[in-house]
Each structure stands twice: as C-alpha cells, then as structure tokens.
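Sequence lines set the chain letters: A, B, ... in the order given, protein chains first and strands last, and positions in each chain run from 1. Treat the numbers as computed from the prediction; the structure is a model and nothing was measured.
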Protein chains: 2
Amino acid sequence: MGSKEKLIEAMASLLWERGYAATSPREVMAAAGVGQGSMYHHFSGKHDLAVQAMRLSIDTAMARNATLTADGDPLDRLKANLLAPRPGTKGCRVGRMTQDPEVLADPELLGLVGEAFEQMHRLWADTIREAIDAGQLPPQLDPEDLASTLQAVLQGGYVLSRAQGEQAPMDAAMRGAVALLDAAADCRDPAPKAPRNHTAALGPGLDRGEHIDKKESA
Amino acid sequence: MGSKEKLIEAMASLLWERGYAATSPREVMAAAGVGQGSMYHHFSGKHDLAVQAMRLSIDTAMARNATLTADGDPLDRLKANLLAPRPGTKGCRVGRMTQDPEVLADPELLGLVGEAFEQMHRLWADTIREAIDAGQLPPQLDPEDLASTLQAVLQGGYVLSRAQGEQAPMDAAMRGAVALLDAAADCRDPAPKAPRNHTAALGPGLDRGEHIDKKESA
DNA sequence: GTCTATACATAGATAGAC
DNA sequence: GTCTATCTATGTATAGAC
C-alpha cells in the first residue's frame with residue numbers, strides 16, 4: 001500500500017475518531033507513518049485529503065446498509081437493519097461530521113455528507129414502501145417521513161450512546177423503534193373503535209411538507 | 001449584567017454554535033466585549049467557563065421540555081413535544097457536545113451532558129408510562145426503550161437537518177414518529193389475526209437489556 | 001516521491017500595569 | 001476588576017535537499 005492510500009485510510013480513521021477540525025495533518029502523517037513531504041505531494045492540503053477520506057468512509061458506511069435492498073421480507077429487512085450491531089459509543093463516521101464547524105463551512109465536505117444521507121434516505125424509503133405495498137405496514141404511514149424517522153433513530157442512538165459512554169442507550173432506542181413498527185404492523189387493517197379526538201387538542205397540526213421552524217430562532 | 005455573566009452567556013452561545021474545541025477564549029471575550037484579564041479573573045480558564053456555560057445551556061434546554069410533565073392527556077403531551085418547533089439546522093445545544101473530542105475527554109463536561117440526557121430520558125419514560133397506563137398506547141411497549149427511541153428521533157432529527165442545511169428532514173422525522181405512535185395507539189387492543197412469523201426470520205432476536213455490541217468494533 | 005527545516009498564524013494562558 | 005503585552009505550544013503550509 002503506497003503512501004497515498006495509507007494517508008487516506010489514516011485520515012478516514014481519524015475523521016471518525018476525532019472529527020475534521022480536531023485532526024491535524026501532523027497526526028495523520030504520524031498515523032500513516034509518512035513524512036510531511038509525502039502528504040503535500042499527493043494532496044493539496046488537509047481539505048483535499050479529507051475529501052478523499054470521506055469518500056472512502058461513505059462507501060464503507062453505505063456498504064453496511066446494502067442488506068436493506070436484499071431479497072426477502074421487507075419488514076424483516078427494516079427490523080434486521082435497525083437491530084444490526086452498531087458501535088454506539090464510536091458514533092457514526094458520516095453523521096459525526098455534521099457537528100464539526102469546519103465541515104459545515106466547507107461546501108465540498110458538507111455536500112458529500114448531505115448526499116450520503118440522501119442516498120440512505122432513499123434506501124429506507126424504498127424498503128418501507130415495499131413493506132406497505134406488501135401489506136406489512138399500514139398505508140397511512142408516509143414512507144418518506146418514516147424513512148427520516150428511522151434514519152433519525154439511528155443517528156440519535158449514536159448521540160445517546162456517546163452521551164453516556166455506553167452501548168445500552170442505542171440498543172434501547174433500536175428495540176423501541178422495532179417495537180413501534182411491530183405495534184403498527186399488528187394493526188395494518190385498523191378497525192377504529194370510536195372517534196378519538198385527543199389529537200385535536202394539538203391544534204391545527206402539521207401537514208406533510210409544512211415546516212415548523214417559523215418562529216424559533218434562538 | 002457584569003463581565004462574569006456576559007462571559008457565561010457568550011460562551012453558552014458559542015458552545016452551541018461552534019462547539020467546545022473550536023471556541024477560543026479570544027472569541028468568547030470578543031463576543032462578551034471584555035478583555036483577557038476579566039476572563040482569567042472570574043474563571044480559571046476555558047474549561048471552567050465552559051462548565052458554567054453548559055449548566056446554563058442545560059437549564060435552558062430542560063425548561064423547554066417542562067410541557068412533558070404538564071397536566072392533561074399523556075399521549076397528546078408526547079406528540080405535542082415531538083412536534084414542537086425546533087431549530088433543526090442549529091442543532092441541539094446539549095447533544096452537539098457529544099461529538100466534540102475535547103468534551104469527550106473532559107469528565108466534568110461529559111458528566112453534565114450525560115446527566116442531562118438521563119434526566120430527559122426519565123421525563124419521556126414517565127410520560128410514556130402514563131400513556132400506557134391510561135390505555136392510550138399498547139402495554140407491550142417498554143417505556144424505557146420507547147423513551148430512548150423518541151429521544152433518539154429528536155437528536156437524530158437535528159443531525160439530518162444539519163446534514164442537509166434544511167429544516168425539512170427534522171420535521172419529517174417528527175411527523176413519522178408521531179404517525180408511528182398513532183398507528184400503535186390505534187391498535188392498543190390488538191386482535192391478532194393470524195400467527196405471524198416473519199419476525200422469526202430475524203433469528204434469536206434481542207431481549208430487553210441484552211446488548212448487541214458483542215462483535216463490532218471497527 | 002519522500003524527507004527535514006522552516007515560516008507564519010492562532011490557541012490557551014500568564015505577567016504586571018492601572 | 002479590567003486592561004495590554006507577552007509567552008509557549010501547536011496548527012497548517014512551504015522550501016528545498018536527497
């Protein structure tokens with residue numbers, strides 16, 4: 001493996017572990033076992049190296065979720081993916097980037113992250129649609145919304161685990177999500193018993209596509 | 001407002017906006033409009049100031065969720081809290097800290113964050129328990145697990161929004177979560193139609209309390 | 001291609017005057 | 001209590017030899 005590949009892998013690893021802003025070129029070169037010259041020969045700088053490392057990280061992460069599009073029972077695929085082992089306290093190598101101020105300020109890096117999330121969202125939404133079409137989930141669930149929800153449970157699970165320094169919170173979050181899916185699946189032909197109006201107390205409510213960021217800013 | 005308070009507020013604001021590692025004492029002093037001497041007179045250093053600022057941020061964040069423990073319909077309170085306006089692209093001032101390498105390495109700061117999450121978890125779990133006891137949610141849902149799930153949806157929603165630079169993904173995630181709760185609520189006395197066994201395909205499955213971090217490390 | 005030496009800015013903190 | 005001046009370490013990048 002040449003210096004270039006070693007540098008990319010070292011950067012990918014450090015990006016996951018420490019983020020972009022907190023990772024110095026020096027650390028990367030040390031981890032890769034190469035000198036300064038090599039790095040600035042193969043890359044124009046830290047940014048350039050990070051871009052290539054992020055592509056690698058994203059490919060790795062996406063490969064782990066290929067099971068969503070496999071054959072077989074769609075609802076099972078959703079649940080299996082939610083319950084698949086994930087290193088909670090290490091965090092998500094892609095999601096982590098969204099909290100890094102230097103990444104947010106770097107259109108190229110942020111763009112990569114955004115695209116990766118979009119791609120993942122499509123994977124989830126497609127599988128959810130399959131499950132609904134197969135009658136495994138109630139049709140009133142919106143595949144796009146639910147895809148965001150499940151993606152959020154995953155990303156949030158990492159956050160909870162890191163906050164506690166333990167795997168447990170992430171696992172609990174995943175079990176809870178699967179239990180909700182199961183509960184929803186159990187009533188895929190709901191026979192509404194009586195007009196329930198406690199939702200009305202919420203006010204006009206939010207329609208799909210309507211944003212709720214109108215007022216809050218601070 | 002004295003220099004001390006000005007510094008704490010400025011730090012709290014910058015912690016939210018840029019994180020801990022990326023916020024320099026100089027920036028804080030500039031934002032507060034005071035000189036170096038003031039800061040090192042009132043605080044032993046960046047760490048000390050950040051601890052006091054985090055306490056302020058956590059108090060602010062917790063106050064926003066007091067509605068969970070209000071009177072009235074528990075399920076409505078859960079849903080109202082999920083749908084409450086939140087500044088997705090700004091992120092969560094507490095959850096953000098879990099991605100900061102310097103925070104992770106600082107037991108005092110990390111401890112504050114962990115405690116805040118625990119407290120929030122109790123709020124959610126208690127309200128969920130109320131909803132189950134009131135027959136609004138099916139009893140097979142575990143309040144502790146579901147509390148983690150909903151907390152994760154919130155935290156993850158912020159991540160999705162930041163990844164896209166848009167409010168929409170967070171709103172979608174929240175709508176999806178509410179829709180799942182509604183679907184689960186609709187069948188709180190499920191009349192199982194036929195033995196469904198597609199869950200069995202997942203293998204032995206995970207029992208409550210059993211962790212899934214056995215193998216994965218990289 | 002890879003190395004060492006060097007440059008320049010910024011981080012976090014201290015010294016000491018007012 | 002608050003200020004300015006200063007200190008040391010580190011971050012990122014460049015220069016130029018091998």
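The two atoms that bring B:Ser3 and B:Ser38 nearest to each other are OG-OG, 4.1 Å, heavy atoms only. Here the closest non-hydrogen pair linking B:Leu15 and B:Tyr20 is CD2-CA, 3.5 Å. Across all their heavy atoms, B:Gly95 and B:Gln155 have their closest contact at CA-OE1, 3.4 Å.
One can place CD of A:Glu5 at 15 Å from C1' of C:dT2, the figure rounded to the nearest angstrom. Summarising the geometry, the separation between CE on A:Met11 and C1' on D:dT12 is reported as 11 Å, rounded to the nearest angstrom. In this structure, B:Arg18 atom CZ and C:dT10 atom P are separated by 13 Å, rounded to whole Å. Protein atom CG of A:Asp106 is 15 Å distant from nucleotide atom C1' of D:dT12, rounded to whole Å. When rounded to the nearest whole Å, the span between CD of A:Glu27 and C1' of D:dA13 equals 16 Å. Following rounding to the nearest Å, B:Met39 (CE) and D:dT4 (C1') show an atom-to-atom distance of 16 Å. Atom CD of A:Gln36 and atom C1' of C:dA7 are 12 Å apart (whole Å).
Along DNA chain C, the nucleotide nearest A:Lys4 and the nucleotide nearest B:Glu102 are compared for position; the residue whose nucleotide lies closer to the 5' end is A:Lys4. When the nearest nucleotides of DNA chain D are assigned to A:Gly37 and A:Ala21 by heavy-atom distance, the more 5′-ward of the two goes with A:Ala21.
A side-chain donor-acceptor contact under 3.5 Å links B:Thr67 and B:Asn81. A side-chain donor from one of A:Gln136 and A:Asp73 sits under 3.5 Å from a side-chain acceptor of the other.
The shortest distance between the side-chain N/O atoms of B:Ser24 and the OP1/OP2 oxygens of C:dT10 is not below 4.0 Å.
For A:Arg26 and D:dT12, a side-chain-to-base donor-acceptor distance below 3.5 Å is present, hydrogens and geometry of angles not being considered.
Each salt bridge (Lys or Arg N to Asp or Glu O under 4.0 Å) pair with one or both residues in residues 2-11 of chain B, not counting sequence neighbours, would appear here, but there are none.
Interface residues of residues 40-50 of chain B facing DNA chain D, ordered by number: B:His41, B:His42; criterion, heavy-atom separation under 4.0 Å.
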Can you give each donor-acceptor pair under 3.5 Å made by side-chain atoms of residues 105-122 of chain A, sequence neighbours left out, with the distance rounded to 0.1 Å?
from     : atom 1 : to       : atom 2 : distance (Å)
A:Asp106 : OD1    : A:Glu108 : N      : 3.1
A:Asp106 : OD1    : A:Leu109 : N      : 3.2
A:Asp106 : OD2    : A:His47  : ND1    : 2.5
A:Glu108 : OE1    : A:His47  : NE2    : 2.9
A:His121 : NE2    : A:Glu144 : O      : 3.0
A:His121 : NE2    : A:Ser148 : OG     : 3.1

